[in-house]
There are 2 protein chains.
Amino acid sequence: MAKPATRMPRAFEKNTLLNTPQTPKQDQAVVATKIPPARRGRATGRVTITDVAKAANVSPMTVSRSLKSPESVQQNLRDRITAVVQKLGYVPNQAASTLASSKSQVIGVIVPSLTNAVFIDTLSGIRDCLGAAGYQFLIGESGYSPAKERELIATYMAHAPDGFLLTGIEQQEASRVLLASNHIPAVRMYDLSKNVNDLTVGFSQKKAGYSVARHLIERGYRRPAFMAAQLDPRTMKRREGFRKGLKEAGLNPNLEILLPVPTTIELGAQLFTKILEQRPDCDAVFCCNDDLALGVLFECQRRGIQVPTQMAIIGFNDLPWAAQSIPAITTIITPRYDIGYVAAELLLKTLKGKPIDKARVDLGFELAIRGST
Amino acid sequence: MAKPATRMPRAFEKNTLLNTPQTPKQDQAVVATKIPPARRGRATGRVTITDVAKAANVSPMTVSRSLKSPESVQQNLRDRITAVVQKLGYVPNQAASTLASSKSQVIGVIVPSLTNAVFIDTLSGIRDCLGAAGYQFLIGESGYSPAKERELIATYMAHAPDGFLLTGIEQQEASRVLLASNHIPAVRMYDLSKNVNDLTVGFSQKKAGYSVARHLIERGYRRPAFMAAQLDPRTMKRREGFRKGLKEAGLNPNLEILLPVPTTIELGAQLFTKILEQRPDCDAVFCCNDDLALGVLFECQRRGIQVPTQMAIIGFNDLPWAAQSIPAITTIITPRYDIGYVAAELLLKTLKGKPIDKARVDLGFELAIRGST
DNA sequence: CTGAAAGCGCTTACAG
DNA sequence: CTGAAAGCGCTTACAG
């Protein structure tokens, strides 16, 4: 910590923000007309609800009501207030609102990774639902670590989020306590709780793994391998389902390669190489993510292995390249946008105190059969 | 708007947050020991700075100082306060802090798209720098629209962000005014302002395009095409540089296909097909993003076109598959993590009032020559 | 180095 | 339907 920041940092004054001609007239509506060169007292210089109230000749409370529940204010007053709000460019101060109401309009969202395109789609779903309702987001990356997840929850606490959206159902005890003792609701995504009253939105990871095994067996493959990096609980459940399917068919489920590092295309190629060294007669690979699968496909091309005749490849998630590669990659299509959207809906209902008809929402998955099997 | 939310929504009480045994003892440290079953007055029930002050037998101001500038508080008081903070599980109320200090510890970050992996890396850089300094982020997607960007800035205004990180240098007039009139500093990324006093961190998009042209020419290609979707200003500057390079070498720069839609692998294949229809003798394609380039590569495989002998492919950004595909794709490596990190550093300096030695930071780019040319 | 007072800009909880 | 008062939990700006 150096010197405390001054109100108008020197450097900022020196470096003009944007190189522009001054004060264009047509934009006045968006901007406070009252821009004081210096602040009065401790005020920020921003237009306040009191400024609006004075100009509209009503009390601040009426302005507040007019903004939050217009139907509770007389038409004529409302119109007058709306006009003044426009004219002065009033923007409510969220910090003051949060302090007074203890509602922050902020939702904490924690996903394992932002580099995994899967969760970006989920964020879009969340944003489309809760963003429309006026919420903002604190988005955190747990790096697949429950401890980091707990730290993020604790950090976000300072901002008093109204709710949380979390990934997976394996939170730390401390995370639960932190949320419960502050009465903050949370919806958990990408898996389904055994307790039907828990708020969870996802699909059965185990069934997804099982369906992959069934597909390979039906296609006649007999020596399939399982390849996983990023050994999060959901990946391990897929594996469980996959093994179950193989065992039921009397196949050996033990050709596996598991590595607790992020999945990448490059890693897919490397792990595939190891599998071939271990079991040259392997005839199929189930990859826990499509980037691994693409790496396997590239390695097959490099080695002249024919897909799918000599080697079958199945991925997971239907990332953009899976449907485009030559051959296209058979994969599990996961409802990742919907998971975000539906989880957000569930949280919104909870925040509004609306009844929840179904707390555990199974959105399913789909096996997309393509050229690689 | 339905009924106003009640403090403890019914649904939330019915659906227990997480299915757990109750009150584990080892987690007490993280949680307020004082969890009132009902709130007293308007209070939230959270531990406040006054609670800490009483328990430590000092004034609230001393607690505040002990937390924000420990060196200004006597060692023994500080220790006492730290212990109480721990014991009570005190978490400062950010809303109160923001209201009193008009510093929110929040930064607005606006990128064109989150589905483009490019900007995810930039966010990582921003987080690694400003996150360490205790800032949180409001992250917005402008969809490459300056109007949407302005709306986001306006929306974020309610949260009184301390600064903004924006993408590109083509903001709307209204955006500039909004920031300037509220004295909010902004650093702009991915391009360089002509004004050396503007805070910009990026590289010369035009030079990058030019260097691609030079490379193709040196390799002996004579009928190169330019393929772009997502026609943002930076893409158009690359095009400008590319055309300049071709013209200097006496080549025809007019084999172009431009489409104002998001780039995808699939689109790359489609646009390439159109290029071939238009000019079957085309011998190279410069794609404005690596996903287009991968689509072109797949289409070449489909058609039996040899890369690079019959067709050269150059992409942009060095996305994960570019180095892995068969053949690997020649591309421009852009410093996207660094752009975020350095822009964040610059903003941090500005916020702290530290002197800025260089307001315009050119981080350059690198041409990675691979098998596809 | 420490503290008492006032204030940030809203909304709650009452009154009318 | 509208408003005056009080308070949310911090930090600023003074004093000592």
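Hydrogens, waters and symmetry mates play no part in the numbers below; they use all other heavy atoms, side chains included. All chains are named by letter (A, B, ...) in the order of the sequence lines, taking the proteins before the strands, and each is independently numbered beginning at 1.
- D/dG9 atom P lies 15 Å from atom CE of A/M157, rounded to whole Å.
- Considering only residues two or more places apart in sequence or on other chains, B/A160 meets the side chain to side chain contact (heavy atoms under 4.5 Å, CB included) condition with A/R46.
- B/K54 has its NZ atom 15 Å from the C1' atom of D/dC10, to the nearest Å.
- Regarding B/H159, its NE2 atom lies at a distance of 22 Å from the P atom of C/dC8, rounded to whole Å.
- Take A/S59 and apply the side-chain hydrogen bond (donor to acceptor under 3.5 Å, both in side chains) test, not counting sequence neighbours, and it matches A/T62.
- The backbone N or O of A/I139 lies less than 3.5 Å from a partner atom in the side chain of A/Y156, making a donor-acceptor pair.
- For A/A96, whose side chain is taken as the heavy atoms from C-beta onward, the closest listed nucleotide among D/dT2, D/dG9, C/dG9 is C/dG9.
- Whole-Å rounding puts the A/K68 NZ to C/dG9 P distance at 16 Å.
- When each of D/dT11, D/dC10, C/dT2 is scored by its nearest atom to the side-chain atoms of B/L77, the top-ranked nucleotide is C/dT2.
- For the pair B/Q105 CD and D/dT11 P, the computed distance is 11 Å after rounding to whole Å.
- Residues satisfying the side chain to side chain contact (heavy atoms under 4.5 Å, CB included) test with A/S72, not counting sequence neighbours, are A/R65, A/S69.
- Distance A/K103 NZ to C/dT11 P: 9 Å, rounded to the nearest Å.
- For the pair B/Q74 and C/dT2, the criterion of a side-chain N or O lying under 4.0 Å from OP1 or OP2 is met.
- Pairs passing the side-chain hydrogen bond (donor to acceptor under 3.5 Å, both in side chains) check and including a residue from residues 123-142 of chain B, sequence neighbours excluded, read B/D128-B/Y337.
- In this structure, A/I81 atom CD1 and D/dG3 atom C1' are separated by 12 Å, rounded to whole Å.
- Among D/dT2, D/dC10, C/dG9, the nucleotide with an atom closest to any side-chain atom of B/T48 is D/dC10.
- Helical stems of DNA chain C (runs of at least 3 Watson-Crick or G-U pairs, donor-acceptor distances under 3.5 Å) are listed by first residue: C:1-3 with D:14-16, C:5-12 with D:5-12, C:14-16 with D:1-3.
- For residues 58-66 of chain A, proximity to DNA chain D is found at A/V58, A/S59, A/M61, A/T62, A/R65, defined as any non-hydrogen atom under 4.0 angstrom from a strand atom.
- Take B/T98 and apply the side chain to side chain contact (heavy atoms under 4.5 Å, CB included) test, not counting sequence neighbours, and it matches A/A95, B/Q94, B/S104.
- Taking a cutoff of 4.0 Å between a charged side-chain nitrogen and a carboxylate oxygen, A/D357 and A/K349 qualify as a salt bridge.
- Contacts of A/R80 classified as side chain to side chain contact (heavy atoms under 4.5 Å, CB included), with partners at least two apart in sequence or in another chain: A/N57, A/V58, A/L77.
- Rounded to a whole Å, the CG atom of B/L67 is 14 Å from the P atom of D/dT12.
- Comparing C/dC8, C/dT11, C/dG9 by their nearest atom to the side chain of A/S101 picks out C/dT11.
- Partners of B/S97 according to the side-chain hydrogen bond (donor to acceptor under 3.5 Å, both in side chains) rule, which considers only residues two or more places apart in sequence or in another chain, do not exist here.
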